Amino acid sequence: QVQLVESGGGLVQAGESLRLSCTASGRSLVNYGMGWFRQAPGQARGKERDFVATISRAGLTYYADSVKGRFTISRDNAKNTVYLQMNSLKPEDTAVYYCAANRYGNTWRTSASSNFWGQGTQVTVSS
């Protein structure tokens, strides 16, 4: 069984940066796609989590339009870890950020296509 553990969330002001990390245990995820999704406060229960960014096993990346140019996803297979560097944060980025893994190894953008999830880390951006 794969376990994903996120870290790095917190409270920042608009314009500042945060770096999220997600480390996997249980098996190597070198052949998995990895990614980040988020769920904003008040989002309806049952609604899919919002796509942020994913990275394939080959290192190809895919971003939501709302974060393109501000966020960067990367992975370190030796550490079984994926990162999300978030710059120029905005209040609308406030959400719980979830790490996800996809067993097919490609990029993807729907939360329903995620096979494993972390517990989430809170990111709060004040104006």
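Nothing here was measured: the structure is a model prediction, and the numbers come from that model. No hydrogens, no waters, no symmetry mates; every other heavy atom, side chains included, goes into these values.
- Without hydrogens or angle criteria, Glu6 side chain to Gly120 main chain gives a donor-acceptor distance under 3.5 Å.
- Judged purely by distance below 3.5 Å, without hydrogens or angles, the side chains of Tyr83 and Arg19 never pair a donor atom with an acceptor atom.
- For Ser17 against Ser88, the heavy-atom pair with the smallest separation is OG-N, 4.3 Å.
- Residues passing the side chain to side chain contact (heavy atoms under 4.5 Å, CB included) test with Asn80, sequence neighbours excluded: Ala24, Ser28, Leu29.
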Please step through side-chain contact (heavy atoms from CB on, under 4.5 Å) for the pair Ser113 and Tyr104, ending with a clear verdict. CA-CA 10 Å; Ser113 297; Tyr104 297 107; over 6 Å; no
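- Residues Arg38 and Tyr97 approach most closely at NH1-OH, 2.8 Å, considering heavy atoms.
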Quick one: do Asp93 and Lys90 satisfy salt bridge (Lys or Arg N to Asp or Glu O under 4.0 Å)? Show the steps, please. CA-CA 5 Å; Asp93 294 318; Lys90 304 175 181 180; over 6 Å; no
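- Judged by distance alone, with hydrogens and angles left aside, the side-chain atoms of Arg109 form no donor-acceptor pair with the main-chain N or O of Phe51 at under 3.5 Å.
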Could you give the side-chain donor-acceptor pairs of residues 53-60 under 3.5 Å, partners two or more places apart or in another chain?
{"unit_1": "Thr54", "atom_1": "OG1", "unit_2": "Trp108", "atom_2": "N", "d": "3.3"}
{"unit_1": "Thr54", "atom_1": "OG1", "unit_2": "Trp108", "atom_2": "O", "d": "2.9"}
{"unit_1": "Ser56", "atom_1": "OG", "unit_2": "Ala58", "atom_2": "N", "d": "3.2"}
{"unit_1": "Ser56", "atom_1": "OG", "unit_2": "Gly59", "atom_2": "N", "d": "3.3"}
{"unit_1": "Ser56", "atom_1": "OG", "unit_2": "Leu60", "atom_2": "N", "d": "3.0"}

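- Contact between Val30 and Arg75 at its shortest, heavy atoms only, is O-NH2, 3.9 Å.
- Cluster membership for Tyr32 and Trp117, using ILVMFWY side-chain heavy atoms within less than 4.5 angstrom, is not shared.
- Residues Val96 and Arg49 fail the side-chain proximity criterion, which asks for heavy atoms closer than 4.5 Å.
- Here the side chain of Thr121 pairs a donor or acceptor atom with the backbone of Gly9 at under 3.5 angstrom.
- Atoms CG and OG1, on Leu4 and Thr81 in that order, are 10.0 Å from each other to the nearest 0.5 Å.
- Nearest heavy atoms, Gly118 versus Tyr98: O-CD2, 3.6 Å.
- Counting heavy atoms from C-beta on, the side chains of Leu20 and Val123 come closer than 4.5 Å.
- Residues Phe37 and Glu48 form no side-chain contact, since every pair of their non-hydrogen atoms from C-beta on lies 4.5 Å or further apart.
- Side-chain atoms of Thr94 come within 3.5 Å of backbone N or O of Val125 as a donor-acceptor pair.
- Counting only distance, with no hydrogens or angles, the side chain of Tyr63 and the backbone of Ile73 share a donor-acceptor pair below 3.5 Å.
- Note: the hydrophobic cluster containing Leu84 also contains Val12 (ILVMFWY, side chain heavy atoms under 4.5 Å, direct or indirect links).
- With contacts defined as side-chain heavy-atom distances shorter than 4.5 Å, the pair Leu89/Phe71 qualifies.
- Minimum interatomic distance between Ala100 and Ser114 (heavy atoms only, all atoms of both residues): CB-OG, 3.6 Å.
- Cluster membership check: Val2 shares its hydrophobic cluster with Met34, using side-chain heavy-atom separations under 4.5 Å among Ile, Leu, Val, Met, Phe, Trp and Tyr.
- Atom CD of Glu16 has more than 12 heavy atoms from other residues, nucleotides or ligands within 6.0 Å.
- The environment of Gln85 atom CD is dense: over 12 non-hydrogen atoms of other residues, nucleotides or ligands sit within 6.0 angstrom.
- Counting heavy atoms from C-beta on, the side chains of Cys99 and Trp36 come closer than 4.5 Å.
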